[in-house]
2 protein chains.
Amino acid sequence: MKPEHIRVPALPPLPDQDHSDCRAVASVLARVGDKWSVFVIMMLTDGPKRFNELKRMINGISQRMLTLTLRGLERDGLVTRTVFPTIPPRVDYELTDLGRGLAAPVKALGEWAFAHLPEIEGARSNFDSRNSD
Amino acid sequence: MKPEHIRVPALPPLPDQDHSDCRAVASVLARVGDKWSVFVIMMLTDGPKRFNELKRMINGISQRMLTLTLRGLERDGLVTRTVFPTIPPRVDYELTDLGRGLAAPVKALGEWAFAHLPEIEGARSNFDSRNSD
DNA sequence: CAGTATCCGCGAGGATACTG
DNA sequence: CAGTATCCTCGCGGATACTG
């Protein structure tokens, strides 16, 4: 039996859906929309990185979560893991072609988000003040 | 004090991050990447829908989660909620311009996902069989 | 350095019952 | 019809300690 903390993050069970393309969307968003994957992907867009290098770049991530996130991305074929059998050990993580392909639409979404952040935050505080009674 | 189940889904606390645009990405992905938002947005791309209409279209969603999801989208200015004071009551939900704007990059991501689903699923089963010892 | 191994709290989200 | 009100479960994710 595989211990809990190394088991790759199972994608949440998706609802039975008529439109199977929506399931595909949700399946990818479930991976990419988790707490850390986007950060890792973005950090890897400019070349391969080592484990602790990523850990330092992504402020606040725990070892456990970085391992889990990387395993999940590796499982989906978005990231490769290469071990150099040196002492001390060295492990490089790098985006695959598939991963780089994914990074593009994710980046598009990110640019949309960045461009419309003022509107969204405005709507939020507006909504919150309207409902603060 | 506002009861728990109606309080709009608070976006998860994002890590302190150097690159503030990454926070923006993550902030939107946290909204759009939750379990149901994408389904709701997609269902609303072809015109306004009523509450139970959405509930029927989105197989498996609970009343509670539909309410919460819609409130979250409304809070972010992505969806409007219009109440018709009839008996029985009727409530329409519709994408705002902002929401339609978001739907575009989301759809792009979805199309990428759909196009590369075979590769991803292949990578998954490959990974799983390699690690099934 | 790059992980494993455990323990644990908290909150997302489901099930169910009730209401204007 | 369109929600509220509660209760409860499950698993994400943090903290900490240990290892090849």
Side-chain angles (χ1 to χ4, degrees), chain A residues 1-16 26 29-31 33-40 48-72 74 79-93 131, chain B residues 1-16 26 30-40 48-72 74 79-93 131:
Chain A
M1 190 58 184
K2 208 172 278 199
E4 177 267 344
H5 78 282
I6 183 65
R7 197 170 56 221
V8 95
L11 294 178
L14 293 174
D16 290 340
L29 282 173
R31 156 72 49 243
D34 72 16
K35 195 170 178 181
W36 298 109
S37 292
V38 169
F39 290 97
V40 173
K49 299 272 174 295
R50 301 179 58 170
F51 186 87
N52 278 344
E53 204 173 352
L54 285 170
K55 182 155 164 36
R56 273 188 300 273
M57 298 177 77
I58 304 176
N59 208 318
I61 196 172
S62 63
Q63 283 181 8
R64 185 180 123 85
M65 276 303 109
L66 183 53
T67 305
L68 250 44
T69 303
L70 286 168
R71 287 288 187 283
E74 189 193 357
V79 159
T80 57
R81 176 174 184 271
T82 40
V83 183
F84 300 85
T86 59
I87 295 180
R90 171 200 178 116
V91 180
D92 275 18
Y93 292 93
N131 298 32
Chain B
M1 190 57 184
K2 207 173 278 196
E4 176 269 344
H5 78 282
I6 184 63
R7 196 170 57 220
V8 96
L11 294 178
L14 294 173
D16 290 339
R31 156 72 49 242
V32 124
D34 73 17
K35 196 171 181 183
W36 298 110
S37 292
V38 169
F39 288 97
V40 173
K49 300 270 174 299
R50 302 178 58 171
F51 186 87
N52 277 343
E53 204 173 349
L54 285 169
K55 183 156 163 34
R56 272 188 301 273
M57 297 176 79
I58 304 175
N59 209 317
I61 195 171
S62 63
Q63 284 181 3
R64 185 179 123 84
M65 276 304 107
L66 183 53
T67 306
L68 250 42
T69 304
L70 287 167
R71 287 287 187 286
E74 189 193 357
V79 159
T80 57
R81 176 174 183 271
T82 42
V83 183
F84 300 85
T86 60
I87 296 180
R90 172 201 176 112
V91 180
D92 274 19
Y93 292 92
N131 298 32

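What you see below is based on every heavy atom in this structure, not just the backbone, and it leaves out hydrogens, waters and symmetry mates.
Note: B/Arg90 CZ to B/Asn52 CG = 12.0 Å, rounded to the nearest 0.5 Å. A distance of 13.0 Å separates CG in A/Asp34 from CG in B/Asp34, rounded to the nearest 0.5 Å. Note: A/Leu66 CG to A/Trp36 CH2 = 9.5 Å, rounded to the nearest 0.5 Å. With rounding to the nearest 0.5 angstrom, the CZ atom of A/Arg64 is 10.0 Å from the OG1 atom of A/Thr69. Note that CD of B/Glu74 and OH of B/Tyr93 are 7.0 Å apart. Values are rounded to the nearest 0.5 Å.
Atom CZ of A/Phe39 is separated from atom C1' of D/dG13 by 15 Å (rounded to the nearest Å). The nearest whole Å value for the distance from the CG atom in B/Asp34 to the C1' atom in D/dC12 is 15 Å. Going from atom CG of A/Leu54 over to atom P of C/dA2 covers 9 Å, rounded to whole Å. Atom CG in A/Asn52 sits roughly 13 Å away from atom P in C/dT4 (whole-Å rounding). Whole-Å rounding puts the A/Lys35 NZ to D/dG13 P distance at 7 Å. The distance from atom CE of B/Met65 to atom P of D/dA2 is 19 Å, rounded to the nearest whole Å. Taking atom CZ of B/Phe84 as the reference point, atom P of D/dA2 lies 11 Å away to the nearest angstrom. The CG-P distance, from A/Leu70 to C/dA2, rounds to 11 Å in whole Å.
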**OP:** Please test B/Met57 against B/Lys49 for side-chain contact (heavy atoms from CB on, under 4.5 Å), starting from the C-alpha separation and ending with a verdict.
**Re:** CA-CA 10 Å; B/Met57 297 176 79; B/Lys49 300 270 174 299; 3.7 Å; yes

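Closest to the side chain of B/Arg50, from the set C/dT4, D/dA2, D/dG14, is D/dA2. With C/dA2, D/dG14, D/dA2 as the candidates, the nucleotide lying closest to the side chain of A/Phe51 is C/dA2. Taking only side-chain atoms of B/Arg81, from C-beta outward, the nucleotide of D/dG14, D/dG3, C/dT4 with the closest atom is D/dG3.
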Original post:
Tell me, what's DNA chain D's dot-bracket, Watson-Crick or G-U with both distances under 3.5 Å, | for other-strand, [ ] crossing?
Top reply: ||||||||||||||||||||

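Considering only side-chain N and O atoms, B/Tyr93 lies nowhere under 4.0 angstrom from the phosphate OP1 or OP2 of D/dC1. Put simply, A/Arg71 has a side-chain N or O that comes within less than 4.0 Å of OP1 or OP2 on C/dT4.
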Original post:
Quick one: what's the B/S/- string for nucleotides 15-20 of chain D, heavy-atom cutoff under 4.0 Å, read 5' to 3'?
Top reply: B-B--B

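Here the shortest heavy-atom pairing between A/Ser37 and A/Arg31 reads OG-O, 3.1 Å. Heavy atoms only, all atoms of each residue included: A/Pro85 and A/Val83 are closest at CD-O, 3.6 Å.
Proximity of B/Leu54 to B/Phe39: side-chain heavy atoms (C-beta onward) are nowhere separated by under 4.5 Å.
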